[in-house]
Amino acid sequence: MSEITYIRGDATVPSVRGVKVIAHVCNDIGGWGKGFVLAISRRWPEPEKSYRAWHRGRASNDFGLGAVQFVQVEPYVWVANMVGQRGIRTGSKGVPVRYEAIDAALERLGDKAVALGASVHMPQIGCGLAGGRWSRVEPLINERLVRRGLQVTVYDHGEGGS
């Protein structure tokens, strides 16, 4: 069985051949402006535009916790906007991360990556601004992606991210 590969670098520039999906966690309130999304927006405008339109149209689409939006940004590169956090602030209900939503989103990500024949690239999703613990997220990635034979690379940019 394969395992997650950990490297230092920028998850928005995966240095492997073939189709790639760059996955990250978004909130469920339409906010895009801090954390890893800034690195995505510096490279491509489409994921942010698509996410904002998806949120605006949420009354008539699948936007919500656990949903995933796939945005093709280059011929062999997709970005997966995964809704895995409730709001953006830690409050009486704890940190924003929602592990069950990340789990559901990873299942959808796995289906898409298998269909595309893609490798998956991400920061430590849900563990930056969302306040999650990698010890809770890593087993979800192993279960939903690695066990399906997908190559997964997790990037540490050295600054923390989501």
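Closest approach of A23 to I125, counting heavy atoms only: O-CG2, 3.8 Å. Heavy atoms only, all atoms of each residue included: G132 and V97 are closest at CA-CG1, 3.6 Å. Shown here for A11 and P123, the closest heavy-atom pair between the two residues is CB-N, 4.0 Å. Annotation for A113 and V120: closest pair CB-CG2, 3.9 Å, computed over non-hydrogen atoms. The shortest heavy-atom contact between V21 and A118 is CG2-CB, 3.8 Å. Taking both residues in full, the closest heavy atoms of A130 and G126 are given as CB-O, 3.5 Å, listed atom of the first, atom of the second, then distance.
How far CD of Q85 is from CD1 of I29: 8.0 Å, rounded to the nearest 0.5 Å. Note that the CD atom of Q124 and the CD1 atom of I4 stand 9.5 Å from one another [nearest 0.5 Å]. Atom CH2 of W54 is separated from atom CG of N61 by 7.5 Å, given to the nearest 0.5 angstrom. Taking CD1 of I22 as the start and CD1 of I40 as the end, the distance is 7.0 Å to the nearest 0.5 Å. Rounding to the nearest 0.5 Å gives a distance of 3.5 Å between CH2 of W134 and CD1 of I141. Atom CD of E107 and atom CG of L140 lie 11.0 Å apart (nearest 0.5 Å).
With a 4.5 Å cut-off on side-chain heavy atoms, Q151 and K20 do not count as touching. Proximity of L129 to I88: side-chain heavy atoms (C-beta onward) are nowhere separated by under 4.5 Å. Using a 4.5 Å heavy-atom cutoff, the side chains of C127 and V137 are in contact. Using a 4.5 Å heavy-atom threshold, the side chains of M82 and L109 count as touching. Using a 4.5 Å heavy-atom cutoff, the side chains of P96 and T90 are in contact. Under the 4.5 Å side-chain criterion, counting only non-hydrogen atoms from C-beta, V37 is in contact with H24. Between D156 and Y6 there is no side-chain heavy-atom pair separated by less than 4.5 Å.
For D103, the salt bridge (Lys or Arg N to Asp or Glu O under 4.0 Å) test picks out R144, with sequence neighbours left out. Under the rule for a side chain to side chain donor-acceptor pair (under 3.5 Å), the partners of T12 that lie at least two apart in sequence or sit in another chain are D10. Shown here are the side chain to side chain donor-acceptor pair (under 3.5 Å) partners of S41, two or more places apart in sequence or in another chain: W32, E48. A search for side chain to side chain donor-acceptor pair (under 3.5 Å) contacts involving R43 returns nothing, not counting sequence neighbours. The ring-ring contact (aromatic ring centres under 6.0 Å, His included) test applied to F70 returns no partner, not counting sequence neighbours. Residues passing the salt bridge (Lys or Arg N to Asp or Glu O under 4.0 Å) test with R86, sequence neighbours excluded: D28. Legend: residues meeting salt bridge (Lys or Arg N to Asp or Glu O under 4.0 Å) with D62, ordered by chain and number and at least two apart, are absent. For E143, the side chain to side chain donor-acceptor pair (under 3.5 Å) partners at least two apart in sequence or on another chain are R147.
When hydrophobic residues (I, L, V, M, F, W, Y) are linked wherever their side-chain heavy atoms come within less than 4.5 Å, the members clustered with Y155 are I7. Applying the 4.5 Å side-chain rule to ILVMFWY residues, one finds that L38 remains a lone member of its cluster.
Note: the hydrophobic cluster containing V71 does not contain V13 (ILVMFWY, side chain heavy atoms under 4.5 Å, direct or indirect links).
Contacts classified as side chain to side chain donor-acceptor pair (under 3.5 Å) and involving residues 63-78 (residues at least two apart or in different chains) are given here: W44-E74, Q69-N81. Residue pairs satisfying the salt bridge (Lys or Arg N to Asp or Glu O under 4.0 Å) criterion with at least one member in residues 127-138, sequence neighbours excluded, are absent.
For R148, the CZ atom counts as densely surrounded, since its 6.0 Å shell holds more than 12 non-hydrogen atoms of other residues, nucleotides or ligands.
Y51 contributes a side-chain N or O that, together with a main-chain N or O of G30, makes up a donor-acceptor pair within less than 3.5 Å.
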